[in-house]
Trainee: 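Take a look at the following structure, please.
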Amino acid sequence: MRNAEIADALAELGTLYELDGADRFRVLAYRDAAKAIRQSPVSVAELARAGRATELPGVGKTLQQKIVDLVETGTIPAAEKLKAKFPPSLVEITRIPGMGAKTVRRLWDELGIATLDDLREAAEQGRIQKLRGLGPKFERNVLEALERMEVDGAGERVLLSEALPVAEEIAAALREHPAADQVTVAGSVRRLAETCKDIDIIATASEPKQLAEALAEHELIAVAGNPTDAGLRATTHAGISVDLRIVEPDAYGNLLQHFTGSAAHNVELRERAVRMGLSVSEHGITNTETGEVERHAPEAEVYERLGLAYIEPELREGRGEIKAAERGELPELVELEDVRGDLHSHTTLSDGKHTLEEMAEAARERGYEYFAVTDHSATHGFGNDVQADQLLRRVEEVRELNERLYSDGSFRVLAGSEVNILPNGDLDYPDEVLDELDWVIASVHTSFRMTREKMTKRMVAAVENPRVNCLGHPSGRLLLRREPYDFDVEAVAEAAARSGTMIEINGNPNRRDLSEQNARLAAEAGVLICLNTDAHQTGTLANMRYAVATARRAWLEPKQIANTRPWSEFQKLLEAN
DNA sequence: GCCGTTTTCGGCCCGACTGTTTTCAGTCG
């Protein structure tokens with residue numbers, strides 16, 4: 001059973017308990033545990049079977065047992081009991097914005113509302129507003145929320161690559177406005193998360209309301225609320241909501257810290273503050289004894305006041321960064337400027353849009369020292385396959401190009417291939433063809449639905465193949481679209497560490513694969529990570545920023561990443577393998 | 001239900017907003 005399924009079951013059980021009127025902290029415990037399970041890089045089902053699920057933060061003995069029950073029988077007894085008491089469709093209703101478990105329970109008790117259809121009917125008939133504490137406005141909001149849920153996926157998450165350019169464009173426009181002072185993108189966009197629910201922008205301004213009005217009039221904004229001195233809430237034409245908050249300059253750091261999050265990070269930070277006799281909020285830090293409030297214009301002062309080293313936004317996920325900051329043991333994170341080469345790209349030979357020379361020149365212009373072209377291999381299909389004789393001609397073309405354009409030695413192109421890993425773990429070129437290449441990436445492109453055991457064996461075989469330099473997009477996931485295939489990340493990482501095979505973080509913003517959790521696990525296992533774009537045209541070589549973002553969120557330092565090395569050292573890595 | 005340089009029991013972040021209320025509960029981020 002997958003981590004996501006276990007997490008879903010526990011989150012549902014938490015909501016069932018909430019409907020049953022359980023203590024809110026108990027409910028919170030189920031939600032926190034579900035989140036930790038969802039984020040775990042290793043199989044929680046296996047952990048629980050081994051009695052080790054309690055190693056996860058927020059999972060104790062009770063939940064350990066419930067996970068075992070779930071994995072072995074497919075259900076949790078407590079959940080079955082509660083589902084006999086309430087229709088499980090009540091859990092659906094709690095997903096409507098503004099409808100919590102308390103309200104849903106009342107509607108069930110007093111009006112017998114069990115489904116979304118029941119709810120719509122009751123609202124349309126005006127039966128909800130007759131209940132004490134729920135008026136006509138609430139009823140109207142329910143109907144509007146139901147409509148929004150049907151019309152489009154309003155409020156759904158979008159890829160960072162959709163949110164980030166919009167956030168940057170809006171922030172830049174606001175900065176230009178004469179009323180603006182400071183403008184910073186906060187929230188999950190600033191943390192460079194994989195996906196974002198909305199865009200948060202923090203600002204100070206001489207004329208706050210004018211700045212809010214400027215946002216309302218921005219060409220990307222489709223719908224805007226009421227501009228005030230406090231800011232504005234708006235929605236772009238693409239359906240992304242944008243929240244602008246304007247504050248006094250002296251508390252700018254407090255507000256930025258608060259709205260950068262994450263929620264988990266802030267909770268941990270504030271719990272620590274409470275132990276120090278302090279109370280942290282977006283308005284400042286209050287001394288609980290004296291009631292005195294300190295405000296901080298620079299964000300770093302917030303961390304300093306709490307006795308912590310400055311924590312980079314990408315690390316603020318409640319994954320141990322506060323303890324590390326306390327001990328001065330935060331990593332020196334890799335930066336985009338550290339990257340000296342890109343080792344996964346496609347050209348017109350397979351499914352790319354630009355030629356070998358166009359791609360090479362674009363890579364050189366980005367300041368790289370080395371660049372690998374890795375078109376798809378013989379069994380790729382879609383009419384994009386490259387047969388062995390074509391590949392060997394490509395090797396000649398690369399040699400000729402290096403000689404013609406890059407003979408001064410400051411830049412070189414590696415002749416490579418992205419070779420398919422066949423279901424049995426073999427590669428789809430003969431060894432003597434692979435021996436002609438400078439660089440081999442091995443990736444899974446077919447037969448995703450193998451058992452965990454078979455898929456693990458398949459990938460371990462590829463990683464242990466002495467002709468393979470690097471494993472490509474290891475999980476096969478597509479963010480918001482396709483789940484990763486099932487394999488044992490730990491086993492593959494151990495095999496890669498043993499055999500000196502690199503594993504890539506694919507910077508395609510749909511992939512970000514290795515994920516940040518898996519990249520951290522692999523690097524800790526001793527795997528050398530490679531940051532690649534998988535660019536299919538010159539423009540997407542810029543996706544290196546997303547590979548770096550994932551690496552930073554995985555706590556990676558330059559030394560853990562192969563292609564931060566200058567060519568002379570990278571070359572030695574290739575020779576050693 | 002979890003967890004421990006204040007605790008194995010008694011705590012568990014903080015504030016804004018909304019819609020309904022005469023002081024607040026519920027929901028959200």
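Here the structure is a predicted model, which means the values were calculated and not measured.
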Trainee: Under 3.5 Å, is there a donor on one side chain and an acceptor on the other for A:N266 and A:Q257?
Mentor: yes
Trainee: Determine the Euclidean distance between corresponding P atoms of B:dT5 and B:dG1; express it in Å to zero decimal places.
Mentor: 23 Å
Trainee: Using 0.5 Å steps for rounding, measure from the CZ atom of A:R319 to the CD atom of A:Q517.
Mentor: 4.5 Å
Trainee: Indicate yes or no: does A:R2 engage A:E5 in a salt bridge with an N to O separation below 4.0 Å.
Mentor: no
Trainee: So that I can tick it off, tell me whether A:R316 and A:E299 are bridged by a salt bridge, with the cut-off set at under 4.0 angstrom between side-chain N and carboxylate O.
Mentor: yes
Trainee: Looking for any heavy atom pair under 4.0 Å, which part of the strands does A:L28 touch: base, sugar-phosphate only, or nothing?
Mentor: nothing
Trainee: On DNA chain B, compare the nucleotides closest to A:N266 and A:G98; which residue's is nearer the 5' end?
Mentor: A:N266
Trainee: Show me, pair by pair, the donor-acceptor contacts under 3.5 angstrom made by side chains of residues 68-83 of chain A, not counting sequence neighbours?
Mentor:
{"unit_1": "A:D69", "atom_1": "OD1", "unit_2": "A:Q65", "atom_2": "NE2", "d": "3.1"}
{"unit_1": "A:T73", "atom_1": "OG1", "unit_2": "A:D69", "atom_2": "O", "d": "2.7"}
{"unit_1": "A:T73", "atom_1": "OG1", "unit_2": "A:T75", "atom_2": "N", "d": "3.2"}
{"unit_1": "A:T73", "atom_1": "OG1", "unit_2": "A:T75", "atom_2": "O", "d": "2.9"}
{"unit_1": "A:K83", "atom_1": "NZ", "unit_2": "A:E12", "atom_2": "OE1", "d": "3.2"}

Trainee: With a 4.0 Å cut-off on heavy atoms, is A:A78 in touch with a base, just the backbone sugar-phosphate, or nothing at all?
Mentor: nothing
Trainee: Does A:D32 reach a base, just sugar-phosphate, or nothing at all? Heavy atoms under 4.0 Å.
Mentor: nothing
Trainee: For B:dT23 and B:dT18, measure between their C1' atoms and round to the nearest Å.
Mentor: 15 Å
Trainee: Using atom P in both nucleotides, what's the gap between B:dC2 and B:dT6 to the nearest angstrom?
Mentor: 23 Å
Trainee: With a non-hydrogen cut-off below 4.0 angstrom, is A:I96 in contact with a base, only sugar-phosphate, or nothing?
Mentor: sugar-phosphate
Trainee: Which part of the nucleic acid, if any, lies within reach of A:Y30 when heavy atoms closer than 4.0 Å are counted: base, sugar-phosphate only, or nothing?
Mentor: sugar-phosphate
Trainee: On a whole-Å scale, what distance lies between the C1' atoms belonging to B:dC3 and B:dT8?
Mentor: 9 Å
Trainee: Is A:F138 touching bases, backbone alone, or none of the nucleic acid, heavy atoms closer than 4.0 Å?
Mentor: sugar-phosphate
Trainee: Please set out all donor-acceptor pairs under 3.5 angstrom arising from side-chain atoms of residues 161-173 of chain A, sequence neighbours excluded.
Mentor:
{"unit_1": "A:E168", "atom_1": "OE2", "unit_2": "A:R545", "atom_2": "NH2", "d": "2.8"}

Trainee: Classify A:V27 by what it touches in the nucleic acid, base, sugar-phosphate, or nothing, heavy-atom distance under 4.0 Å.
Mentor: nothing
Trainee: Do any side-chain atoms of residues 235-248 of chain A form donor-acceptor pairs under 3.5 angstrom with protein atoms, and if so which ones, sequence neighbours left out?
Mentor:
{"unit_1": "A:T236", "atom_1": "OG1", "unit_2": "A:A238", "atom_2": "N", "d": "3.2"}
{"unit_1": "A:T236", "atom_1": "OG1", "unit_2": "A:G239", "atom_2": "N", "d": "3.3"}
{"unit_1": "A:T236", "atom_1": "OG1", "unit_2": "A:I240", "atom_2": "N", "d": "3.0"}
{"unit_1": "A:T236", "atom_1": "OG1", "unit_2": "A:I240", "atom_2": "O", "d": "3.4"}
{"unit_1": "A:H237", "atom_1": "NE2", "unit_2": "A:E219", "atom_2": "O", "d": "3.4"}
{"unit_1": "A:H237", "atom_1": "NE2", "unit_2": "A:I221", "atom_2": "O", "d": "3.4"}
{"unit_1": "A:D243", "atom_1": "OD2", "unit_2": "A:R233", "atom_2": "NH1", "d": "2.8"}
{"unit_1": "A:D243", "atom_1": "OD2", "unit_2": "A:R245", "atom_2": "NH2", "d": "3.0"}

Trainee: Quick one about A:N508 and A:N510 (side-chain donor to acceptor, distance below 3.5 Å, no hydrogens or angles considered), yes or no?
Mentor: yes
Trainee: Could you say whether A:T62 or A:L278 is positioned toward the 5' end of DNA chain B, judged by the nucleotide with the nearest heavy atom to each?
Mentor: A:T62
Trainee: Which base sits across from B:dG4 as a Watson-Crick or G-U pair, both distances under 3.5 Å?
Mentor: B:dC9
Trainee: Give every donor-acceptor pair under 3.5 Å between a side-chain atom in residues 179-188 of chain A and any protein atom, sequence neighbours left out.
Mentor:
{"unit_1": "A:D181", "atom_1": "OD2", "unit_2": "A:T204", "atom_2": "OG1", "d": "3.2"}
{"unit_1": "A:T184", "atom_1": "OG1", "unit_2": "A:Y252", "atom_2": "OH", "d": "2.6"}

Trainee: Reading DNA chain B from 5' to 3', where do the contacts with chain A start and stop? Cut-off is 4.0 Å to heavy atoms.
Mentor: B:dG1 to B:dG29
Trainee: Suppose you measure atom P in B:dC13 against the same atom in B:dG4; what distance do you get, rounded to whole Å?
Mentor: 14 Å
Trainee: Between B:dG26 and B:dT20, how far is it from one P atom to the other, in whole Å?
Mentor: 15 Å
Trainee: Could you give the distance separating B:dC17 and B:dC12 at their C1' atoms, to the nearest angstrom?
Mentor: 24 Å
Trainee: Is there a donor in the side chain of A:H177 and an acceptor in the side chain of A:Q210, or the other way round, less than 3.5 Å apart?
Mentor: no
Trainee: In residues 284-308 of chain A, what residues come within less than 4.0 Å of DNA chain B, judged by heavy atoms?
Mentor: none
Trainee: Using the P atoms only, state how far B:dT21 lies from B:dT27, rounded to an integer number of Å.
Mentor: 16 Å
